[in-house]
Amino acid sequence: RKEVEQDPGPFNVPEGATVAFNCTYSNSASQSFFWYRQDCRKEPKLLMSVYSSGNEDGRFTAQLNRASQYISLLIRDSKLSDSATYLCVVTANAGKSTFGDGTTLTVKP
Amino acid sequence: SAVISQKPSRDICQRGTSLTIQCQVDSQVTMMFWYRQQPGQSLTLIATANQGSEATYESGFVIDKFPISRPNLTFSTLTVSNMSPEDSSIYLCSVLTSGAYNEQFFGPGTRLTVL
């Protein structure tokens, strides 16, 4: 079993749709959680940190359930520019991060 | 945040040769890492670059193949030694910033093709 597992995707949605990505992790000692976005042929960029209380940044909402070891990302009112691969990242001790395989989102007009 | 630059941005190399990739950060950071991203795959941690001591390698990666230097808190190099086509990949330098929630930033990557 992989340490971090994501929805395999790909997700193809129309503009304006709401889409949700799920991620589970196996290391119960994990300390920090993030969603990264990676555009084609570019490096990953931090989208948002994920807090136990849940957090929202504009159209993006991230939630963490430590008991279930589950992380989610919700994107509302999808834009064409949201098309990218979304990586779930879990960080344990000493700052070592484990990346999920990513979920590819394509938003179509 | 941290601004990270890498050199070279890309290279095409012959089998059996070695390539050294440089990573420069615009501020002092405690933790620097080197990752590899093979085509169509996610990122895999190669090693943690430790300032003033030997790097800490992940399972499947060894110092003879991927020697790493970290002479100070803003700079690191990764060498891909005795390259084979299987080493064709994107190599990314990454740093972890300190704070309430440690955030990780990545360099633009070095796209390596081994013929």
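- Put simply, the side chain of A:Cys88 does not reach to within 4.5 Å of the side chain of A:Tyr36, judged on heavy atoms.
- With sequence neighbours left out, the side chain to side chain contact (heavy atoms under 4.5 Å, CB included) criterion links A:Ser30 to A:Tyr25, A:Asn27, A:Phe33, A:Val90.
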Side chains of residues 105-115 of chain B: which donor-acceptor pairs under 3.5 Å do they make with residues two or more places apart or in other chains?
residue: B:Thr110; atom: OG1; partner: B:Gln6; partner atom: NE2; Å: 3.1
residue: B:Thr110; atom: OG1; partner: B:Pro8; partner atom: O; Å: 2.6

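- Contact annotation: the side chain of A:Ser28 approaches that of A:Gln69 to within less than 4.5 Å [non-hydrogen atoms, C-beta and beyond].
- Taking 4.0 Å as the cut-off between side-chain N and carboxylate O, A:Arg41 and A:Asp39 do not count as a salt-bridged pair.
- A salt bridge (Lys or Arg N to Asp or Glu O under 4.0 Å) check over residues 99-109 of chain A, counting only residues at least two apart or in different chains, returns the pairs A:Lys2-A:Asp101.
- Taking non-hydrogen atoms and a 4.5 Å limit, the residue list of residues 58-94 of chain B in contact with chain A, ordered by number, reads B:Glu58, B:Leu92.
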